[in-house]
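What follows is a set of notes on a single structure, which appears directly below.
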Amino acid sequence: MKYHFNEIEAKWQKYWAKNQTFKADNSSDKPKFYVLDMFPYPSGAGLHVGHPLGYIASDIYARYKRHKGFNVLHPMGYDSFGLPAEQYAIQTGQHPAKTTEENITTYRRQMDQIGFSFDWSREIRTSNSDYYKHTQWIFTQLFKSYYDKDEDKALAISDLVKTFEREGNSNLNAVCDEETPFFDANQWNAFSEKEKQKILLNYRLTFLSDTEVNWCPALGTVLANDEIVNGVSERGGHPVIRKKMKQWSMRITAYAQRLLDGLDKIDWPQPLKDSQTNWIGRSEGSMVRFKIQNSKFSISVFTTRPDTIFGVSFMTLAPEHELVAKITTNEYKEAVEKYVQATAKRSERDRMADVKTISGQFTGAYVEHPFTGEQIPIWIGDYVLASYGTGAVMAVPCGDQRDYDFAKHFDIPIPNIFQDIDISEHACEDKTAVIANSDFISGMPAKKAMKRMIYELEQRNIGEGKINYRLRDAVFSRQRYWGEPFPVYYKDGMPQMIDTKHLPILLPEVEKYLPTEDGKPPLGNATQWAWDTKKSTVVSLQSVDNKMIFPLELNTMPGWAGSSWYFNRYMDANNTDKFASQEALNYWKDVDLYIGGSEHATGHLLYSRFWQKFLFDKGLVPVEEYAKKLINQGMILGTSAFVYRWEYTDVRDNTSETIFVSKNKMEQIIKERTIIEQSKKNKTKDKWSGFTPIHADVSFVNASNELDIEVFKNWRDEYKNAKFITEEDGTFIVGREVEKMSKSKYNVVNPDDICHDYGADTLRMYEMFLGPLEQAKPWNTAGITGVHGFLKKMWRLYYSGKEESFSISDEEPTKEEYKTLHKTIKKVEEDIANFSFNTSVSTFMIAVNELSALKCNKLAILEPLAILIEPYAPHIAEELWEKFGHKESVATAIFPVFKETYLVESTKVYPISFNGKMRFTMELSLDLSREDIEKAVMAHEKTQKQLAGRTPKKVIVVPGKIVNIVG
RNA sequence: GCGGGUGUGGUGGAAUUGGUAGACACGCUAGAUUUAGGAUCUAGUGCUUCACGGCGUGGGAGUUCGAGUCUCCCCAUCCGCACCA
């Protein structure tokens with residue numbers, strides 16, 4: 001019987017679904033193992049061959065763990081809220097839920113076809129109300145919490161209120177907004193309800209505030225920092241501007257230190273940890289307050305080098321700094337305003353693109369140097385960012401290159417406070433330099449000087465040690481339709497949480513998915529969008545009376561809301577009451593292996609760690625870090641194909657035609673052109689327009705880069721009459737380039753086609769065979785025949801003989817056959833442990849090659865082999881397993897046990913090298929002593945030939961390894 | 001600028017603690033077989049040389065009996081972050 005992969009695969013996929021083979025129980029005698037993939041956004045384009053890479057790897061791992069006796073949780077779901085479905089809805093009027101549903105159907109079909117061992121009974125969709133109900137619930141918990149720095153955890157707001165009632169907030173050590181005023185108990189108790197709520201917002205872990213946000217006009221929404229790439233939106237590439245808006249934010253900064261500390265406890269890739277560390281951006285230093293002369297104000301600055309304070313020769317404020325207007329003298333008012341306006345006009349992107357131009361303006365005001373009493377001029381300059389530190393710096397031109405450049409440009413003095421360091425060319429940023437000309441810290445190395453300076457600052461009450469973070473609070477509102485609605489209504493302008501027992505608050509229906517005409521978010525179009533506090537239900541917007549019925553929040557939550565806790569939901573996905581039961585959470589605890597892309601380093605992977613820590617603080621989950629180990633799979637890139645269009649215009653009658661030129665021809669023409677243009681200076685009768693590369697669909701091109709011209713012609717109407725200049729042999733060669741796989745680049749390879757042509761088992765093994773999992777690599781179908789051939793060859797081990805019938809012998813295997821099997825077991829287990837899936841595919845190939853050469857059809861070898869390969873090629877494994885007479889799936893068959901005894905050798909083929917270069921090999925008994933080996937090697941004729949009469953200086957013998965003769 | 005990764009045949013990639021560089025596969029060459037096949041099988045394939053041999057892991061230096069692997073410097077390339085005080 002031949003290897004009919006299509007039939008076999010369909011048969012077993014059906015079997016698995018029917019028997020719920022991969023359903024995980026929430027209790028078991030077996031140890032638990034949780035293997036998680038980053039769940040996909042179900043886009044309209046469907047899966048391409050790049051998507052399943054990580055899923056295949058995790059599936060291999062999950063299947064392997066089942067063989068090793070673990071109770072494996074391997075779930076899948078959909079991050080189904082998001083922009084594309086909404087954009088599509090705007091264009092077509094179709095409800096995003098409908099599109100999403102359709103896309104999910106396609107995704108599911110495609111995933112089933114690849115044979116993943118997912119427990120589909122736990123499928124989740126973030127856009128389902130039975131899921132987002134809990135997202136809303138977690139949001140309200142964040143609202144009801146604040147961060148206590150003494151306890152170093154989130155505590156209930158109700159406790160905070162008690163503290164305020166008892167003693168105000170002066171002794172409180174909690175994370176809050178900068179501008180939070182101090183008050184005592186009497187003052188607190190005298191505040192109106194609204195004032196109290198306003199103050200509490202300064203403490204809540206999710207809070208509403210006027211925030212400077214990244215506004216994307218084209219998308220009509222705000223974006224988080226990690227949703228912006230190079231100053232434009234990640235999705236669509238639209239420009240982004242800064243704008244102040246009332247927005248929900250998440251106080252992730254409260255968790256900055258714990259997010260940093262937690263990295264030591266998890267086995268995640270170092271580059272990913274580095275980017276999180278970088279993103280959090282902890283820096284140690286101190287705050288220093290400078291008194292402004294003739295003014296009641298002072299300027300606070302953050303500095304990492306308080307030891308250089310005697311080198312301060314000016315102060316610089318960000319143009320947006322609130323003190324600018326207050327301290328500028330009349331003389332400089334006009335110039336300062338002009339400068340402030342000019343910088344405000346420049347977009348963030350312009351400011352980013354242009355970091356070399358130095359600009360700034362003197363304000364006319366001065367501060368007093370806290371130690372020398374000197375007059376220090378206050379400048380404003382756009383090299384100081386309003387959003388970092390205090391938006392002001394103490395400028396030390398001798399110790400900071402930016403301050404140095406600024407000082408040089410505006411002719412400000414550059415005092416030197418370093419011992420024996422030349423600063424005539426540039427600033428000295430070396431932290432080992434010894435401080436000089438600095439009163440009580442002169443002669444000290446920087447580290448010591450910093451400690452002393454912080455002590456002095458604290459003694460004089462003009463500053464203190466401080467740790468600053470680059471991490472900003474995360475904006476949590478989006479002006480979109482297709483996202484989780486907030487369980488929030490507004491009473492007297494203040495946000496109120498809807499009681500959790502009334503959740504979910506369902507996403508309302510709208511006529512249009514666009515923002516309203518007066519600029520409100522899409523939910524502004526909803527007519528049923530008010531909260532009746534008496535009936536506890538959503539009612540018509542028209543019935544708002546602001547007494548009992550109030551307007552609901554118009555923003556929705558961002559994409560990362562649903563993905564910040566989904567891994568917990570899988571543990572108990574069908575719980576209607578809680579996001580997961582305590583029993584389920586305690587049983588599964590955390591993810592043992594998480595596989596996904598590194599592009600989520602500073603987005604999802606940071607936010608989800610933050611939420612998990614919060615849930616942990618509240619005793620809602622048992623562990624503080626939800627993923628013990630994480631692997632980043634590399635992206636599979638597309639190999640785009642290009643044809644070169646030559647727009648040929650005849651100057652005489654001004655006619656033009658489209659010509660496509662084959663790659664090598666084009667290069668030849670370019671060469672000739674260059675020569676013509678150099679010699680005749682454009683005296684040709686036609687206009688030279690050059691070549692435009694056009695993406696051709698990769699399916700029109702064969703493995704030798706030859707284009708099917710007829711298919712290409714029929715692709716687009718405008719190509720129907722195009723001319724083609726081919727190579728001499730009549731072929732048309734396309735250019736190739738590696739790019740991200742995308743529909744618009746026509747380089748997408750669909751896994752459906754591969755499954756149809758070669759089968760899912762081939763696809764799975766080939767994707768692994770392509771290279772190391774973590775590495776980015778271009779997709780190239782050329783090599784797939786190798787893997788497919790291998791599966792066919794393996795099949796023939798079982799279906800041997802001319803008639804190709806299943807024929808297995810009970811005979812005892814030979815030593816060699818056992819050796820091949822056990823060598824394979826050992827290597828495959830090591831490879832899986834190291835996530836080196838590409839090498840285990842090779843190992844299987846070697847095993848099958850060896851067993852084929854031995855004509856092995858022994859049960860004792862081939863039956864375990866079927867289990868060995870099951871994680872990689874489960875369909876063929878099931879089919880063969882069944883043929884051995886098993887009635888149950890191979891999925892939980894015990895993994896063959898490796899026995900060292902089968903690999904023990906009595907001899908070793910020694911490489912004999914001379915001065916480190918291997919010249920020949922010699923087979924010697926492993927029993928031989930060092931001396932015996934040396935004797936045997938020296939007696940060998942080839943040794944004597946190599947030495948050519950010389951006496952070796954030294955002979956290195958490493959028994960069991962190598963012999964090296966020196967001399 | 002800072003941080004990180006990568007660099008090995010025509011191609012994708014192998015190479016435990018430093019110990020036979022190029023496993024496995026693609027491609028290519030020759031042959032066998034088949035009515036045909038994107039089928040199967042056999043042999044060969046780093047470069048160079050008729051050959052003996054010589055040279056080979058981006059480049060250069062070093063440590064070592066021995067370096068793709070360790071150390072230092074440089075180059076190329078990709079990915080993050082980017083005026084972070």
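Everything quoted here is computed from the prediction, not taken from an experiment. In the text below, chain A, chain B and the rest are named by the order of the sequence lines, each starting its count at 1. All heavy atoms count here, side chains included; hydrogens, waters and symmetry mates do not.
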What is the distance from [atom1] of [X] to [atom2] of [N], rounded to the nearest Å?
{"X": "A:Ile636", "N": "B:C78", "atom1": "CD1", "atom2": "P", "result": "21 Å"}
{"X": "A:Leu791", "N": "B:G38", "atom1": "CG", "atom2": "P", "result": "20 Å"}
{"X": "A:Met635", "N": "B:U6", "atom1": "CE", "atom2": "C1'", "result": "16 Å"}
{"X": "A:Ile309", "N": "B:A85", "atom1": "CD1", "atom2": "C1'", "result": "13 Å"}
{"X": "A:His426", "N": "B:C83", "atom1": "NE2", "atom2": "P", "result": "22 Å"}
{"X": "A:Glu739", "N": "B:C78", "atom1": "CD", "atom2": "P", "result": "14 Å"}
{"X": "A:Trp779", "N": "B:G12", "atom1": "CH2", "atom2": "P", "result": "16 Å"}
{"X": "A:Asp382", "N": "B:A85", "atom1": "CG", "atom2": "P", "result": "18 Å"}

Q: Scan residues 388-402 of chain A for pairs that pass side chain to side chain donor-acceptor pair (under 3.5 Å), counting only residues two or more places apart or in two chains.
A: A:Ser283-A:Tyr388, A:Asp400-A:Arg402, A:Gln401-A:Asp405
Q) Going by the side chain to side chain donor-acceptor pair (under 3.5 Å) test, which pairs reach into residues 952-967 of chain A, not counting sequence neighbours? A) A:Ser913-A:Asn964
Q: Using a 90° cut-off around 0 for syn, call B:G56 syn or anti.
A: anti
For [N] versus [M], give the span between their [atom1] atoms, rounded off to a whole number of Å.
{"N": "B:G59", "M": "B:U64", "atom1": "P", "result": "23 Å"}
{"N": "B:A39", "M": "B:G27", "atom1": "P", "result": "9 Å"}
{"N": "B:C24", "M": "B:G38", "atom1": "P", "result": "26 Å"}
{"N": "B:C41", "M": "B:C47", "atom1": "C1'", "result": "30 Å"}
{"N": "B:C28", "M": "B:C79", "atom1": "P", "result": "32 Å"}
{"N": "B:G13", "M": "B:U6", "atom1": "P", "result": "13 Å"}
{"N": "B:U71", "M": "B:U63", "atom1": "C1'", "result": "7 Å"}
{"N": "B:A76", "M": "B:U16", "atom1": "C1'", "result": "30 Å"}

**Q.** Sub-6.0 Å ring centroid separation between A:Phe5 and A:His788
**A.** yes
Q.
Under 6.0 Å between ring centres: does that hold for A:Tyr872 and A:Phe844?
A. yes
Q. Mind checking what makes side-chain hydrogen bond (donor to acceptor under 3.5 Å, both in side chains) contact with A:Gln257, not counting sequence neighbours?
A. A:Asp261, A:Arg282, A:Tyr469
Q.
Could you work out, with side-chain hydrogen bond (donor to acceptor under 3.5 Å, both in side chains) as the rule, every residue matching A:Lys827, not counting sequence neighbours?
A. A:Asp831
Q: Report the residues that fulfil ring-ring contact (aromatic ring centres under 6.0 Å, His included) with A:Phe835, sequence neighbours left out, ordered by chain and then residue number.
A: A:Tyr61
Q.
The criterion is ring-ring contact (aromatic ring centres under 6.0 Å, His included); which residues satisfy it with A:His940, sequence neighbours excluded?
A. A:Phe920
Q. How does protein reach along nucleotides 13-28 of chain B, written 5' to 3' as B (base within reach of a heavy atom under 4.0 Å), S (only sugar-phosphate), or - (no contact)?
A. SSS-B-BBS-BBSS--
Q | Contacts of A:Val698 that satisfy side chain to side chain contact (heavy atoms under 4.5 Å, CB included) - sequence neighbours left out | A | A:Ala641, A:Arg736, A:Asn747
Charged N-O contact under 4.0 Å between [X] and [Y]:
{"X": "A:Glu934", "Y": "A:Arg930", "value": "no"}
{"X": "A:Glu850", "Y": "A:Lys819", "value": "no"}
{"X": "A:Arg305", "Y": "A:Glu429", "value": "no"}

Q. Which residue lies toward the 5' end of RNA chain B, A:Asp757 or A:Tyr469, if each is placed at its nearest nucleotide?
A. A:Asp757
Can you give me the N/O atom pairs linking the protein to nucleotides 47-49 of chain B at distances under 3.5 Å, or say none if there are none?
none

Grab the N/O contacts between the protein and nucleotides 31-37 of chain B below 3.5 Å, and write none if there aren't any.
none

Q | Side-chain heavy-atom pair A:Arg609, A:Leu606 within 4.5 angstrom cut-off | A | yes
Q) Is A:Val701 close to A:Asp708 at the side-chain level, that is, under 4.5 Å between some pair of heavy atoms? A) no
Q: Could you tell me whether the phosphate oxygens of B:C81, OP1 or OP2, come under 4.0 Å of any side-chain nitrogen or oxygen in A:Arg470?
A: no
Nucleotide nearest [X] (side chain, heavy atoms from C-beta), chosen from [options]:
{"X": "A:Arg919", "options": "B:G54, B:U40, B:C81", "result": "B:G54"}
{"X": "A:Thr303", "options": "B:C65, B:A85, B:U40", "result": "B:A85"}
{"X": "A:Asp274", "options": "B:C83, B:G3, B:G38", "result": "B:G3"}
{"X": "A:Leu385", "options": "B:C84, B:G38, B:U40", "result": "B:C84"}

Q) Between A:Met938 and A:Val955, does a side-chain contact (heavy atoms from CB on, under 4.5 Å) hold up when you go through it step by step? A) CA-CA 9 Å; A:Met938 291 313 291; A:Val955 180; 4.2 Å; yes
Q: Drop me the distance from A:Met394's CE to A:Phe314's CZ, to the nearest 0.5 angstrom.
A: 11.5 Å
Q.
Nearest 0.5 angstrom please: A:Phe914 CZ to A:Lys942 NZ, how far?
A. 10.5 Å
Q) Would one find more than 12 heavy atoms of other residues, nucleotides or ligands at under 6.0 Å from atom NE2 of A:His4? A) yes
Q: Please map the stems of RNA chain B, keeping only stretches of three or more Watson-Crick or G-U wobble pairs with both distances under 3.5 angstrom.
A: B:1-7 with B:75-81, B:10-12 with B:24-26, B:27-32 with B:40-45, B:46-48 with B:53-55, B:58-62 with B:70-74
**Q.** Within residues 398-407 of chain A: residues closer than 4.0 Å to RNA chain B (heavy atoms)
**A.** A:Arg402
